[in-house]
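Note that this is a predicted model, so its numbers are computed, not measured. In what follows, chains are A, B, ... by sequence order, proteins preceding strands, each numbered from 1.
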Amino acid sequence: MQTENVNTTARETDLSVELSGLRLDNPVIPASGTFGFGAEFAEFYDINILGSFSFKGTTKEPRFGNPTPRIAECTEGMINAVGLQNPGIDAVVSQELPRMAKVFRKPVIANISGFSVEEYVECCGRIDSEPQVGIIEVNVSCPNVKHGGMSFGTRPESAYEVTKAVKAVTTKPVYMKLSPNVTDIVSIARACEEAGADGITLINTMLGMRIDLRTRKPVIANTMGGFSGPAIFPVALRMVYQVAGACGIPVMGCGGVSSARDVIEMMMAGATAVQVGAMNLRNPYACKEIIEALPQEMERLGITRLRDIIGIARN
Amino acid sequence: MYKRGIYRIVANEALTGNVYRMVLEGDTQYITAPGQFVNVELPGKFLRRPISICDYDGRTITIIYKVVGEGTAIMGEMKPGGELDVLTGLGNGFDTATGTRRPLLVGGGVGVPPLYNLAKRLIAGGAAVNVVLGFNTASEVFYADEFAALGATVTVATADGSRGVKGFVTDALKSVPEYDYVYACGPMPMLRALGGAVNVPGQFSFEERMGCGFGGCMGCSCKTKNGNKRICKEGPVLRTDEIIWE
């Protein structure tokens, strides 16, 4: 009887959304850096239930990242200063993608990082020919080492430059993943749209820190790191609302999402799809539980087609 | 293979002033080796707390933890009958198929617990096990009798000399019979000193602040001679010949 009910619900509610021509069964997407290349989570559940997932931020060269400790606990969240540990684009294409194909059959989101415009271009050009990749997500929170280390995502001009350069080397939809650590998120998002971005992902982590009271030193070896988790949800929601209102391209909402209700709220703010980050680390089943809870939550709220509520809070 | 499960607390008692033993009842089938750990969800805490497995059987898991911060303080207050959300089967654990006949097991402080099930396995396999347990002072000593009851030869070292050999575990090595292999778990300075003091092959178990405990976040990585490893996934146990001491 229980199964019948679930099936009935599934027929009545439509969770599908569309991102730049890519149809997703549901809007739930594990965020980059919290889901590796999928294999670790595939040991917990069949990850093909996901809308998609954004794989570990990949750079041109292999990286170890920052020294440890690079994780700190916070109230309703955590700080990480992993520093983009990844095996480099060559190994991702030759080893991780084939390995990923065994556990995930849907198009994946390739998260690309770089420390110069050239690096972004080279990685995106390289991933362009990979059929498994449905969307390229460009992380512009990295420092531009050729220009004083200022993050690409903190100035509209540099965000524009990266977007333009990347768009020239790929036919895949390009989503720019923005940092919240800026004075005016809308101007950055608009610059990306003007440069031809197909969509925006936001927000990346917020810069934070913790101090160990006993050692009297920062907990994180790198002093500061990215704060994420349920605590940042209202900030992320606000920024999604602002950007979705100012831009005509789809937004993937990200930041502190931990329940089906958060997914719905993020979509009401204007997100077409919703990424789940830190919660995957506390509860490896987080995305599965959210996807399973969505139909019931929609029914409770009188929502039949999930995509109908995108940006509805503005109307 | 790892799994999340709900476990019932059947015991939670103090072994010393701030070291507790908790016995959990539930599914233990995903635990495959001594030296693996569990990751415990705690009310009011965002990240789980990784705790090494001291011992396990078909239906219980014994963990020993030290109250060092808010998370472990919450654990210390828990009562039998309560339930915990736990990930099990995490980490590689110790490899016991090394052919060692006379292994030396060295533990420091809360590095001692994962050696207990290891000693049990090695003794069951016919090895003559020597154990060196290091603590700061006599009142902090735990499990010396439990190791002896397994049939291991136990040497205790305390930094202040209030029990056993005065000094660190490395000072106790002189009084230990010959050994052909070394297993160790403890604080980094202890492992580093031990690595320099013994010249037989071995395996050391390491600690690091973790995000997830199952390889998802890359929070706990370390560099080894065999490339980058995640302490939670390809560790916490590393072979001594692959360790890079930084």
Side-chain angles (χ1 to χ4, degrees), chain A residues 30-41 43-45 56-57 62-87 91 210 212-214 219-221 225 227-231 256 258 277-286 289, chain B residues 1-6 30 32 38-50 66-74 85-91 188 206-224 226-236 244 246:
Chain A
S32 180
T34 66
F35 214 74
F37 292 92
E40 292 78 14
F41 287 83
E43 283 198 50
F44 286 110
Y45 65 93
K56 175 72 193 165
R63 285 175 58 84
F64 173 75
N66 294 320
T68 56
R70 49 196 199 186
I71 299 287
E73 163 100 26
C74 302
T75 303
E76 285 302 306
M78 60 179 286
I79 291 174
N80 91 82
V82 169
L84 291 170
Q85 180 178 349
N86 79 94
R210 296 303 305 272
D212 184 320
L213 302 186
R214 277 163 301 157
V219 173
I220 301 269
F227 180 39
S228 61
S258 63
M279 204 58 195
N280 291 308
L281 308 183
R282 174 190 171 90
N283 175 10
Y285 300 90
E289 290 172 1
Chain B
M1 190 70 190
Y2 30 71
K3 209 78 183 174
R4 179 181 63 174
I6 302 297
Y30 298 99
T32 54
V38 295
N39 215 1
V40 183
E41 191 179 277
L42 297 172
K45 292 285 138 194
F46 187 72
L47 297 173
R48 290 170 184 263
R49 294 299 186 272
K66 184 176 180 178
V67 174
V68 287
E70 291 171 18
T72 40
I74 294 170
D85 180 314
V86 178
L87 303 180
T88 63
L90 305 175
M188 199 56 146
F206 289 84
E207 218 179 26
E208 188 51 78
R209 277 182 186 262
M210 293 177 185
C212 63
F214 51 84
C217 72
M218 317 299 277
C220 62
S221 297
C222 71
K223 292 173 184 168
T224 77
N226 296 320
N228 300 335
K229 293 195 170 189
R230 294 164 289 188
I231 291 296
C232 72
K233 182 81 175 166
E234 290 86 27
I244 298 172
E246 279 179 342

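- With hydrogens and angles ignored, the 3.5 Å screen pairs a side-chain donor or acceptor of A:Arg70 with a backbone N or O of B:Met218.
- For the set B:Gly227, B:Cys222, B:Cys220, B:Gly213, the entry with the most heavy-atom pairs within less than 4.5 Å of chain A is B:Cys222.
- Looking at A:Pro67, there are no atoms closer than 4.5 Å to chain B (heavy atoms on both sides), in backbone or side chain.
- Ranked by heavy-atom pairs under 4.5 Å with chain A, the first of B:Lys3, B:Met210, B:Glu70 is B:Lys3.
- Residue A:Phe64 touches chain B through both its backbone and its side chain, counting heavy-atom pairs closer than 4.5 Å.
- For A:Tyr285, the part lying under 4.5 angstrom from a heavy atom of chain B is the side chain only.
- Only the backbone of A:Ala72 comes within contact range of chain B, judged by heavy atoms closer than 4.5 Å.
- Of the atoms belonging to B:Val40, not a single heavy atom falls under 4.5 Å from chain A.
- Between chain B and the residues A:Thr68, A:Asn66, A:Thr34, the most heavy-atom pairs under 4.5 angstrom are made by A:Thr68.
- Residues B:Cys217 and A:Ile71 come closest through the heavy atom pair SG-CD1, 4.4 Å.
- Checked by atom type and distance alone, the side chain of B:Arg209 never pairs as donor or acceptor with a backbone atom of A:Pro69 at under 3.5 Å.
- For B:Leu42, the part lying under 4.5 angstrom from a heavy atom of chain A is the backbone only.
- Ring orientation note: the planes of B:Tyr2 and A:Phe44 are tilted relative to one another, at an angle of 30° to 60°.
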May I have the step-by-step check of salt bridge (charged side-chain N to carboxylate O under 4.0 Å, His left out) for A:Glu40 and B:Lys233, ending in yes or no? CA-CA 9 Å; A:Glu40 292 78 14; B:Lys233 182 81 175 166; 5.6 Å; no
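- Residue B:Arg49 holds its CZ atom at 4.5 Å from CD of A:Glu73, rounded to the nearest 0.5 Å.
- Taking A:Gly229, A:Ala231, A:Gly77 one by one and counting their heavy-atom pairs under 4.5 Å with chain B, the maximum is reached by A:Gly77.
- Between A:Asn283 and B:Arg4, the side chains place a donor N or O and an acceptor N or O closer than 3.5 Å (distance only, hydrogens not considered).
- Residue B:Glu207 places its CD atom among 12 or fewer non-hydrogen atoms of other residues, nucleotides or ligands, all under 6.0 Å distant.
- In this structure, the separation between CD on A:Gln85 and CG on B:Asn228 is 5.0 Å, given to the nearest 0.5 Å.
- Note that the CZ atom of B:Phe46 and the CE atom of A:Met279 stand 5.5 Å from one another [nearest 0.5 Å].
- Looking at A:Asn280, only its backbone comes within 4.5 Å of chain B, counting heavy atoms on both sides.
- Among the candidates A:Gly65, A:Pro30, A:Gly38, A:Pro284, the residue making the largest number of heavy-atom pairs closer than 4.5 Å to chain B is A:Pro284.
- Going from atom SG of B:Cys212 over to atom CZ of A:Phe41 covers 6.0 Å, rounded to the nearest 0.5 Å.
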